[in-house]
Amino acid sequence: MSKILIRGARILGGEPQDVLIDGETVAEVGTGIEAPDGATVIEAAGQVLLPGLVDLHTHLREPGREDSETVLTGTRAAAAGGFTAVHAMANTFPVADTAGVVEQVWRLGKESGYCDVQPIGAVTVGLEGKQLAELGAMHDSAAGVKVFSDDGKCVDDAVIMRRALEYVKAFDGVVAQHAQEPRLTEGAQMNEGIVSAELGLSGWPAVAEESIIARDVLLAAHVGSRVHICHLSTAGSVEIVRWAKSKGWNVTAEVTPHHLLLTDELVRSYNPVYKVNPPLRTEADVLALREALADGTIDCVATDHAPHPHEDKDCEWAAAAMGMVGLETALSVVQQTMVDTGLIDWAGVADRMSFRPAAIGRLEGHGRPVSAGEPANLTLVDPAYRGAVDPAGFASRSRNTPYEGRELPGRVTHTFLRGRATVVDGKLA
């Protein structure tokens with residue numbers, strides 16, 4: 001069993017301490033810990049030690065779109081970004097709507113070894129929104145699915161959504177909704193507003209998201225179930241979730257890093273790298289999302305890591321696929337938008353990027369305190385680092401990042417999955 005001593009790290013941004021890892025667990029936390037014989041020593045002065053990050057919203061593309069990403073390349077990207085667990089979305093080919101497919105993804109995650117992969121099951125067969133998928137069978141499978149989502153498509157039929165919410169109550173599951181009223185977004189290319197009007201691009205109104213969220217929080221309250229709102233993106237959506245929480249309803253929500261930083265003004269470039277679902281919104285929306293993440297209305301940050309091959313993005317705007325890669329830049333964007341602005345501290349980052357997403361997904365062994373006896377799922381980050389994003393160095397198979405050439409703060413120097421280093425000195429182990 002290997003032993004690792006992390007010396008002088010600031011746990012959750014606090015005072016410098018030493019952390020001794022022995023095998024798969026944290027053995028000791030304190031000051032002046034002596035390195036055991038044969039232990040690896042990491043000098044971490046000035047660095048922040050966080051629990052391993054957990055992503056509730058990752059597209060690993062396998063099976064079916066291995067030209068974009070595989071479970072192996074996606075988990076390597078996750079480790080590089082400081083993640084020790086990801087939830088893999090169901091919009092694969094074939095769709096993860098049966099016990100067999102979710103078990104396949106789960107087993108591929110076990111084989112990859114770079115982070116834990118928890119499959120998300122589809123809500124409806126084939127993501128078609130017409131009949132419930134095998135929710136119980138997916139939960140009872142080896143993958144132990146607890147989160148279900150048709151992400152990429154909205155469960156727009158209220159009866160189907162109600163039935164799903166009722167069904168998952170039996171095993172404390174959660175339905176994660178991609179809130180997009182399809183009739184209001186037919187042919188939509190970007191956020192509906194001043195910029196879309198000036199560019200002549202068909203608009204995606206905020207109410208298309210907000211109306212579904214309003215319906216679903218009411219449904220969740222009616223049946224007494226859990227609903228999670230994927231990639232919340234508008235100020236109006238924030239107010240609906242805030243109201244639902246004030247009622248004591250079991251509603252949670254996530255925001256992506258790109259919706260915390262980027263606005264629809266970037267679409268003026270017609271660069272398809274900025275085409276995403278939901279679309280980039282206004283500066284007012286961005287500021288509302290930051291405030292909501294800071295005050296806890298929005299529970300967590302989720303990447304919505306959406307890899308695409310070069311040919312699906314290097315084309316005219318209208319033909320381009322929607323989505324951005326995000327695993328390897330998420331922590332840096334959160335540092336820039338939330339920590340460096342004083343909205344949250346590093347303990348807040350641990351809460352929004354580890355503790356809460358693990359709790360929402362009911363994921364055991366992750367989102368745990370950095371203390372003796374806990375699993376050694378840890379991330380070490382250098383917050384003083386500044387550097388331009390170079391997608392050529394990404395571990396992901398795809399390069400569709402909106403941050404190419406942009407200077408971002410912070411760098412993950414080490415990631416540990418149950419005591420085993422997956423990233424060392426900023427490089428994959």
Side-chain angles (χ1 to χ4, degrees), residues 12-13 48 50 53-57 176-177 179 191-195 204-214 216-217 227-266 274 276-304 324 326 329-357 359-360 383 402-403 406 408-410:
L12 275 55
V48 173
L50 301 171
L53 306 184
V54 175
D55 191 17
L56 264 176
H57 194 143
Q177 175 68 292
N191 178 57
E192 181 178 286
I194 293 172
V195 180
W204 187 309
V207 71
E209 174 175 301
E210 295 156 7
S211 59
I212 295 292
I213 294 174
D216 287 351
V217 299
V227 67
H228 177 74
I229 308 303
C230 295
H231 45 49
L232 184 149
S233 71
T234 77
S237 295
V238 165
E239 291 308 311
I240 296 166
V241 170
R242 185 173 282 132
W243 169 75
K245 288 191 169 191
S246 76
K247 297 282 191 180
W249 299 345
N250 209 336
V251 176
T252 55
E254 69 190 32
V255 64
T256 72
H258 48 271
H259 285 112
L260 291 172
L261 180 60
L262 308 177
T263 74
D264 60 355
E265 289 289 336
L266 290 164
Y274 299 119
V276 67
N277 180 348
L280 301 179
R281 304 290 189 180
T282 67
E283 181 71 16
D285 291 311
V286 166
L287 295 176
L289 294 173
R290 292 183 188 182
E291 291 291 343
L293 183 63
D295 70 23
T297 300
I298 296 175
D299 297 84
C300 63
V301 175
T303 70
D304 193 9
M324 304 167 169
T329 51
L331 188 56
S332 291
V333 174
V334 171
Q335 180 182 333
Q336 178 171 317
T337 58
M338 302 300 296
V339 180
D340 293 353
T341 57
L343 288 169
I344 62 174
D345 56 14
W346 284 104
V349 173
D351 181 64
R352 308 311 193 272
M353 297 188 75
S354 184
F355 300 148
R356 288 209 211 185
I360 292 167
Y403 309 117
R406 182 188 288 252
L408 291 176

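Count residues from 1 along the sequence. Being a predicted model, the structure only gives us computed values, none of them experimental.
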**Request:** Start with the C-alpha distance between H228 and C300, add both sets of side-chain angles, then the distance that settles side chain to side chain contact (heavy atoms under 4.5 Å, CB included), and finish with yes or no.
**Result:** CA-CA 11 Å; H228 177 74; C300 63; 4.2 Å; yes
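- Between P383 and W346 there is a side-chain heavy-atom pair separated by less than 4.5 Å.
- Looking at every heavy atom in both residues, L232 comes nearest to V255 through O-CG2, 3.8 Å.
- Checked against side-chain contact (heavy atoms from CB on, under 4.5 Å), T256 has the following partners two or more places apart in sequence or in another chain: H231, H258, H259, D304.
- Residues P402 and L266 are not in side-chain contact: their nearest non-hydrogen atoms beyond the backbone lie 4.5 Å or more apart.
- When all heavy atoms of N191 and P279 are compared, the closest pair comes out as N-CB, 3.5 Å.
- Around atom CD1 of I194, no more than 12 heavy atoms belonging to other residues, nucleotides or ligands sit under 6.0 Å away.
- The main-chain N or O of S233 is never found under 3.5 Å from a side-chain atom of S237 such that the two would form a donor-acceptor pair.
- The CG atom of D55 sits 3.5 Å away from the OG1 atom of T303 when rounded to the nearest 0.5 Å.
- With values rounded to the nearest 0.5 angstrom, F355 atom CZ is found 8.5 Å from L50 atom CG.
- Checked by atom type and distance alone, the side chain of D299 pairs as donor or acceptor with a backbone atom of A253 at under 3.5 Å.
- Considering CG of L56 and CD1 of I360, their distance stands at 5.5 Å, rounded to 0.5 Å.
- No side-chain donor-acceptor contact under 3.5 Å links S354 to the backbone of V54.
- Interatomic distance, NZ of K245 versus CD1 of I298, reported as 8.5 Å (0.5 Å rounding).
- T263 places no side-chain N or O within 3.5 Å of a backbone atom of R281 that could act as its donor or acceptor partner.
- R352 contributes a side-chain N or O that, together with a main-chain N or O of L293, makes up a donor-acceptor pair within less than 3.5 Å.
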**Asked** Are V238 and E210 close enough, and set up right, to give a side chain to side chain contact (heavy atoms under 4.5 Å, CB included), and what steps lead you there?
**Response** CA-CA 9 Å; V238 165; E210 295 156 7; over 6 Å; no
**Request:** Begin with the C-alpha distance, continue with both residues' side-chain angles, and end with the deciding distance and a verdict on side chain to side chain contact (heavy atoms under 4.5 Å, CB included) for W204 and N277.
**Result:** CA-CA 10 Å; W204 187 309; N277 180 348; 3.3 Å; yes
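- Heavy-atom minimum distance, V241 versus I213: CG2-CG2, 4.1 Å.
- Exactly one of L12, V339, V48 qualifies for a side-chain contact (heavy atoms from CB on, under 4.5 Å) with V349. That residue is V339.
- Here the closest non-hydrogen pair linking A288 and A235 is CB-CB, 3.7 Å.
- A294 and M338 get closest at one heavy-atom pair: N-CE, 3.9 Å.
- The structure places CD1 of I229 at 7.0 Å from CD of Q177, a figure rounded to the nearest 0.5 Å.
- Here the straight-line distance linking atom CG of L408 with atom CD of Q335 works out to 9.5 Å at 0.5 Å rounding.
- For the side-chain contact (heavy atoms from CB on, under 4.5 Å) criterion with P257, the lone passing option out of V301, L331, T329 is V301.
- Every residue meeting the side-chain hydrogen bond (donor to acceptor under 3.5 Å, both in side chains) condition with D285, not counting sequence neighbours, appears here in chain and number order: T282.
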